[in-house]
Undergrad: 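Got a structure here, written out as structure tokens. Questions coming.
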Amino acid sequence: DVQTIIWMHGDEKALQIGTMSGEWIARPSSNSEAMTPTNKVSKQATYRGSAAVSAIKAGDAMLFIQTSRRKLREMAYVFAADKYQTPDMTVLAEHITKGPTSALSGLRALAYQREPHSIVWAVRRDGVLLSFTYDRDQKVLAWAQHPLGGYSDQAKTTAPKVESVACIPSPDGGADVVVLMVQRYINGRIVRRKEYLSPMWERGDSVINAIYGDCSRTYSGPAVQTVTGFHHLAGEAVGVLADGLEVENITVSSTGTIELPNAASVVHVGYRYNSDGAMLHLEAGSADGTAQGKVQRSHRLIFMVIDATAYKAGPSFSKLKLRTFRKPDDSLTAPIPLYTGNDEISWDGGYSDQNLACWRVDNMLPFILAAVMPQMHTQDR
């Protein structure tokens, strides 16, 4: 065994120690005493082993990367077993830590965001940003990938690479700010920028202040048509949200300026990106058992949305159709009113054993999907 210590953290029961070959518990010989060099008792609790990355404290548990870097494990005391256990947190999404090659697979950095939601942010070795929504009280353990807008190479074939991640308190103390170091290719050279995630959208926020662009900056001041201050995106095709209205086909000049068709006082400029989602194979039962593996057809779907303006939906990502909530009498010079409610769609998918529902948001406006409710038929065999 190689018992080189990688990390140490304490809780109310013991000092937890992670080594390259396993996890140890160090505590005083008597619970009523403080631990000293003469009364300490150390025992190996589990035999997973840690990669050379510091573990993080998340709620009542420790989260650490196993030696191979492909698994994130939780170390927590289990009362029923009267011992510490280390279950695999990637068991339901084993693909999430897999990169294009074995050398680029696995995790290399962790950070924990306590507020406003309990999220573990991780960086894969190929530079992909991952999030792990971790809320044991609500039984929520959910992974997601976050490809960034833009490119990291001259050929524009590789997405930007996240090199590190950290979470720090915001200046007002109301949330934790996620800070990234990102490698991009901009204006003929490789650059590295410190970027941070803007606050998450909440009901009641103004659409004028919605920030949904990567590597973005904001102009706020008197209404102008020529907006300056975007040198960091010189020569790049960008998305623009001007006073809550999207502006198409904008490229930042070599001097860092953009020209708007109309004057605006609050302008967000950044890379567009796709927010994609897809349902798993639907299980609605059938006359002779499970619906899995049988031919199905969805004839109607209801998307329950919150604060939405537009999105795309379809049976596959190659067959998406635009869904918009703009009404004929809505002003073209004012932001689209946000819609909350059900959006019923007559589904175009035929009978198939790949009965899926996919959706995409590629605009610079808020969108929350609360539920997808299909009406479907399963063909018994």
Undergrad: Using the side-chain contact (heavy atoms from CB on, under 4.5 Å) rule, take Val240 and Glu246 through it: C-alpha gap first, then chi angles, then the decisive distance, then the call.
TA: CA-CA 6 Å; Val240 176; Glu246 278 199 285; over 6 Å; no

Undergrad: Looking at Asp362 and Lys312, is there a salt bridge between them, counting it only when a charged N and a carboxylate O are closer than 4.0 Å?
TA: yes

Undergrad: If the plane angle is over 60° it's perpendicular, under 30° parallel, otherwise tilted; pick one for Trp359 and Phe303.
TA: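 Ring orientation of Trp359 relative to Phe303: perpendicular.
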
Undergrad: Hey, what do you get for CD (Gln85) to NZ (Lys83), rounding to the nearest 0.5 Å?
TA: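 Taking CD in Gln85 and NZ in Lys83, the distance rounds to 5.5 Å.
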
Undergrad: When you check the gap from the basic side-chain N to the acidic O, do Lys327 and Asp329 get nearer than 4.0 Å?
TA: no

Undergrad: Would you say Asp243's side chain and Val266's backbone share a donor-acceptor pair under 3.5 angstrom?
TA: yes

Undergrad: Would you give the length of the straight line joining atom SG of Cys358 to atom CZ of Phe317, rounded to the nearest 0.5 angstrom?
TA: 4.5 Å

Undergrad: Could you check whether any side-chain heavy atom of Leu148 comes within less than 4.5 Å of a side-chain heavy atom of Val182, counting everything from C-beta outward?
TA: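 In short, these two side chains touch, coming nearer than 4.5 Å.
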
Undergrad: Identify whether the distance between the nearest side-chain nitrogen and carboxylate oxygen of Arg192 and Glu163 falls below 4.0 Å.
TA: yes

Undergrad: Does a salt bridge link Lys161 with Asp126, judged by any charged N lying under 4.0 Å from a carboxylate O?
TA: no

Undergrad: Would a hydrophobic clustering, with Ile, Leu, Val, Met, Phe, Trp and Tyr connected at side-chain separations under 4.5 Å, put Tyr311 with Met373?
TA: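 Per the 4.5 Å side-chain linkage, Tyr311 and Met373 are not co-clustered.
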
Undergrad: Hey, can you tell me if Trp121 and His146 have their rings parallel, tilted or perpendicular (30° and 60° cut-offs)?
TA: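 Judged by the thresholds at 30° and 60°, the geometry between Trp121 and His146 is tilted.
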
Undergrad: Would you call Lys43-Glu23 a salt bridge at under 4.0 Å N-O?
TA: no

Undergrad: Of all the heavy-atom pairs spanning Ser254 and Ala234, show the shortest one and how long it is.
TA: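 Shortest heavy-atom separation between Ser254 and Ala234 comes out as O-CB, 4.0 Å.
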
Undergrad: Shortest non-hydrogen contact from Lys57 to Gly10?
TA: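 Closest pair (atom of Lys57, atom of Gly10, distance): NZ-O, 4.4 Å.
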
Undergrad: Tell me if the CG atom of Asp135 is crowded by more than 12 foreign heavy atoms within 6.0 Å.
TA: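 Enclosed: over 12 neighbouring heavy atoms sit under 6.0 Å from CG of Asp135.
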
Undergrad: Is it true that Met75 and Met20 fall in one hydrophobic cluster, defined by side-chain heavy atoms closer than 4.5 Å?
TA: yes

Undergrad: Ile119 and Leu197: same hydrophobic cluster, using ILVMFWY side-chain contacts below 4.5 Å?
TA: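 Yes, one cluster joins them.
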
Undergrad: With clusters defined by side-chain heavy atoms of hydrophobic residues (ILVMFWY) lying less than 4.5 Å apart, directly or transitively, does Val247 cluster with Leu245?
TA: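 Result: no, two separate clusters.
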
Undergrad: If you compare all heavy atoms of Ser21 against all heavy atoms of Gln3, which two are closest, and at what distance to 0.1 Å?
TA: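 Answer, listing the atom of Ser21 first, then Gln3: CB-NE2, 3.8 Å.
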
Undergrad: Would you indicate whether the side-chain heavy atoms of Thr309 and Tyr339 approach each other to under 4.5 Å?
TA: no

Undergrad: Please say yes or no: joined through hydrophobic side-chain contacts below 4.5 Å, possibly via intermediate residues, are Ile65 and Trp143 part of one cluster?
TA: yes

Undergrad: Would you confirm whether Tyr185, through its side chain, and Gly188, through its main-chain N or O, come within 3.5 Å as a donor-acceptor pair?
TA: yes

Undergrad: As a quick check of understanding, evaluate side-chain contact (heavy atoms from CB on, under 4.5 Å) for His299 and Ser346, giving each step before the final call.
TA: CA-CA 6 Å; His299 56 85; Ser346 295; over 6 Å; no

Undergrad: What distance separates Leu356 CG from Ser298 OG, expressed to the nearest 0.5 Å?
TA: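 Between Leu356 CG and Ser298 OG, I get 9.0 Å after rounding to 0.5 Å.
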
Undergrad: Ion pair present between Glu33 and Lys40, side-chain N to carboxylate O less than 4.0 angstrom?
TA: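 The answer is no: the pair does not qualify as a salt bridge.
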
Undergrad: Would you compute the distance between atom CZ of Arg203 and atom CD1 of Ile368 and round it to the nearest 0.5 angstrom?
TA: 7.5 Å

Undergrad: Look at atom CD of Glu248 and say whether more than 12 heavy atoms of other residues, nucleotides or ligands are closer to it than 6.0 Å.
TA: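 More than 12 within 6.0 Å, yes.
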
